[in-house]
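Keep in mind that this is a model prediction, so the values were computed, not measured. Both counts, for ligands and for their atoms, begin at 1 and track the order of listing.
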Amino acid sequence: MFSESERPARARTTILTSPSPRRKEAKPLTYLPTNSLGQNLPISEYFGSMTFGLGQFREKLPRETYNNLVKVLEQGKKLDRETANACASVIEDWALSKGVTHFCHWFQPMTGLTAEKHDAFISIHTAYHSELTVVEKFTGSQLIQGEPDASSFPSGGMRTTFEARGYTVWDPTSPLFISEGETGKTLCIPTVFFGYHGEALDNKTPLLRSVQALSREAMAFLKLIGDVDVKAITATLGCEQEYFLIDKRFAALRPDITMTGRTLLGSPSHRGQQLEDHYFGSIPSRVIAFMEELEHELFRLGIPVKTRHNEVAPSQFELAPIFENVNVASDHNVLTMETLKRVANVHGLTCLLHEKPFARINGSGKHCNWSMSNDKGENLLEPGKTPHQNIRFLAVLSVVLKAVFEHSDVLRYSIASPGNDHRLGANEAPPAIISVFLGNTLSKILDSIETGAATEIAEGKMIDLGVTHLPDILRDNTDRNRTSPFAFTGNKFEFRAVGSSANVAVPLTFLNAAVADAFAQATEKLKKLIDSKGNRDEGIMELIREYIKTSKAVRFEGNNYSQEWRDEAKKRGLPIMDSSADALPVLENVANTEFLVKQKVLTREEIKSRHHIGVERYVKTLMIEFSTLSELATNFVVPAVETQIAQTGAAMTSITAAGVAGAGIKARVKKMNEVYEQILGEQTKLNEIISELDGITSEDAQMKLIAKKGIPARDALRNACDLAETLVSDDLWPLPKYREMLFDK
Ligand code: ADP
Ligand code: MG
């Protein structure tokens with residue numbers, strides 16, 4: 001932000017002529033640790049240095065205490081006081097040695113963000129004659145449980161204020177970490193957050209429950225198909241995070257970016273992404289400096305970021321970590337988003353995580369690569385060396401297909417947000433219809449199983465139903481379909497419809513729960529099939545065959561952007577929900593959400609509360625957009641157009657006074673006046689809708705009105721303003737333009 005003395009009278013033009021902060025300082029990067037020769041240290045030397053997880057517990061705790069901790073983790077039991085105290089003591093030693101002064105319970109309320117309340121590591125000794133001495137102290141109970149005032153966090157009507165008590169409880173399955181401010185350090189303890197009666201008030205609790213459900217149901221199934229020694233199943237997740245970077249001083253001059261995280265108006269620059277020159281292009285040096293510092297920070301936090309590159313749109317980038325278990329990966333993604341913003345700021349940049357920061361160029365998503373693995377680390381979606389592993393692969397695959405088919409409405413719900421509405425269905429992201437892409441080879445394999453006929457699936461390779469050759473065939477034949485929302489990519493699924501700003505705990509909770517439910521059903525069915533066939537493998541193949549048949553409607557290999565697919569999907573009876581206003585009500589459908597209750601992932605009350613919060617957040621987000629846009633029109637666009645009309649009008653007067661014909665300039669003034677009237681007219685309409693919304697008390701009714709009338713009115717006003725931008729002189733336009741924000745590196 002500018003200090004008062006720095007704030008230029010015409011901020012935009014001054015900005016354009018002053019160098020960016022990083023360039024002005026032109027300092028070498030000093031934050032990357034180097035050896036005595038000034039060379040960067042290998043990442044392994046500082047990876048995870050700011051975290052404390054099971055590895056350190058094993059090293060520092062007495063063996064018996066450590067075993068207790070592991071038992072608690074494995075069985076999901078409550079930690080006893082003695083073990084907790086021992087854990088707290090080794091954590092305290094470590095934290096103090098790192099210069100940490102405070103600790104906090106770090107949790108993820110249903111706002112989609114994280115929350116923390118800091119406490120100092122001190123306790124007071126009242127000594128003789130009441131002198132105070134302060135000592136560092138951190139106890140087991142401080143580690144395990146906290147009690148923030150929950151009344152300011154959304155509960156979706158689950159609690160009244162008098163029972164606003166909320167508890168945070170340590171989640172030992174995710175490592176503790178140190179967060180660094182400008183001058184101090186805080187130990188962050190990952191926690192779950194719930195209310196007095198145990199109701200989940202956060203996004204992490206349901207995720208953990210969904211992992212438990214998945215593990216329970218998948219194990220029962222796997223045992224039945226012959227994996228008798230399986231001890232645990234976990235879901236794995238790797239999130240590809242997209243984001244935009246723009247000069248921070250541009251962002252500060254745009255009230256829309258400040259208030260909503262995206263531009264609400266702005267005429268497109270003539271060059272957008274049509275030259276296709278940004279994707280994988282060389283990364284600008286200022287951005288590389290940012291990325292290097294970002295990665296250094298993430299490595300120290302134990303986040304295994306692996307790839308970085310430019311994305312399709314100008315000023316758009318992506319990073320991807322190596323996958324981890326879903327709970328840790330989800331925490332790590334939240335931390336990554338926070339670190340992106342923090343480090344960008346240091347580099348004079350603003351990181352935009354919104355799904356659609358700029359109109360008419362690609363928005364940002366977050367592909368969630370998901371699979372499951374057993375306690376031996378074997379990926380259940382990877383065919384293996386033995387025929388059994390291959391049958392297991394096909395069985396698990398068919399269960400996932402069944403899950404996505406049966407619960408596609410809930411999965412669509414799980415990715416709904418006002419930001420993501422701009423992407424889904426806009427031919428830049430998978431459409432709002434959930435379907436599965438398997439690729440040519442796998443589709444042929446499933447088809448041949450379904451019909452019972454051997455088929456040639458790759459040149460010269462026949463599929464025998466003993467499925468021995470599966471692994472080689474799949475490895476060599478994984479084709480890609482960028483338009484599919486849920487695509488098989490060799491040994492995992494890629495849930496591609498998730499928005500860039502989403503807390504991935506939400507979609508992953510519903511995905512895990514859907515698959516857990518499908519496993520539970522499959523186990524029941526398979527028991528009967530084995531009985532009737534009298535042979536296990538035959539029973540399994542029969543189950544696979546049936547599931548391939550029943551879930552066939554959800555498989556689609558073609559272009560998901562096409563109108564034909566929309567028509568086809570409609571014929572197949574797949575749910576089509578174009579906007580959040582269509583998708584959010586899914587949670588009201590008791591029958592379709594029953595599996596969440598059955599799998600103990602969410603109670604009926606928790607489902608209701610999530611529905612309320614979803615609708616409330618939708619309404620509030622769009623109301624903020626509407627009023628911000630209206631204000632932008634009044635305070636920026638309208639005065640600029642007026643000044644331009646006055647200038648051009650004066651020129652017109654001079655030209656006519658000079659006695660020369662003034663047709664051209666008259667036309668210009670007329671055109672500008674038309675646009676001016678258009679802006680005022682559209683703004684009036686939007687303001688009327690804002691007043692109407694203010695007068696409605698039911699949030700559901702507000703949501704419907706917003707979707708039906710508010711959004712079209714917002715878009716109409718925007719279009720009029722964007723037209724004005726093309727007519728007003730560059731030096732009169734008060735807002736940073738797309739050209740400047742997107743191409744100034
Ligand atoms: P792709 O070429 O399909 O995008 P990458 O190897 O680049 O594949 O991986 C993309 C993301 O998928 C990475 O975050 C990666 O760690 C993750 N990933 C790979 N295998 C798995 C798995 N078994 N489960 C979850 N995520 C995975
Ligand atoms: Mg990918």
Legend entry - Test side chain to side chain contact (heavy atoms under 4.5 Å, CB included) applied to E295 - qualifying residues, sequence neighbours left out: F299, V305, R308
Legend entry - Flag for K366-Q241: side-chain donor and acceptor within less than 3.5 Å: yes
Inset, instruction - Return yes or no for this condition: an N or O of T236 is under 3.5 Å from an N or O of ligand 1. - result: yes
Inset, instruction - Identify, by atom number and element, the atoms of ligand 1 in contact range of G238, meaning under 4.0 Å from any of its heavy atoms. - result: 14 (O), 26 (N)
Legend entry - Selection from K306, K492, E240, E382 by shortest heavy-atom distance to atom 5 (P) of ligand 1: K492
Inset, instruction - Report the residue from F437, F323, F486 that forms a ring pair (Phe, Tyr, Trp, His ring centres under 6.0 Å) with F493. - result: F486
Legend entry - Contact (N/O only, under 3.5 Å) between P321 and ligand 1: yes
Inset, instruction - Report yes if the side chains of V601 and L207 come closer than 4.5 Å at any heavy-atom pair, otherwise no. - result: no
Inset, instruction - Please confirm whether H296 and Y46 have ring centers closer than 6.0 angstrom. - result: yes
Legend entry - Polar proximity ligand 1 side, A320 side, N/O cut 3.5 Å exclusive: no
List, one per line, each side-chain donor-acceptor pair under 3.5 Å for residues 392-401, sequence neighbours excluded.
residue	atom	partner	partner atom	Å
R392	NH1	D227	OD2	2.8
R392	NH1	E378	OE1	3.4
R392	NH2	E378	OE1	3.4
S398	OG	L394	O	3.2
S398	OG	A395	O	2.8

Legend entry - Within reach of ligand 1, part of N379 (heavy-atom separation under 4.0 Å): side chain
Legend entry - Atom indices of ligand 1 within 4.0 angstrom of I322 heavy atoms, with elements: 16 (O)
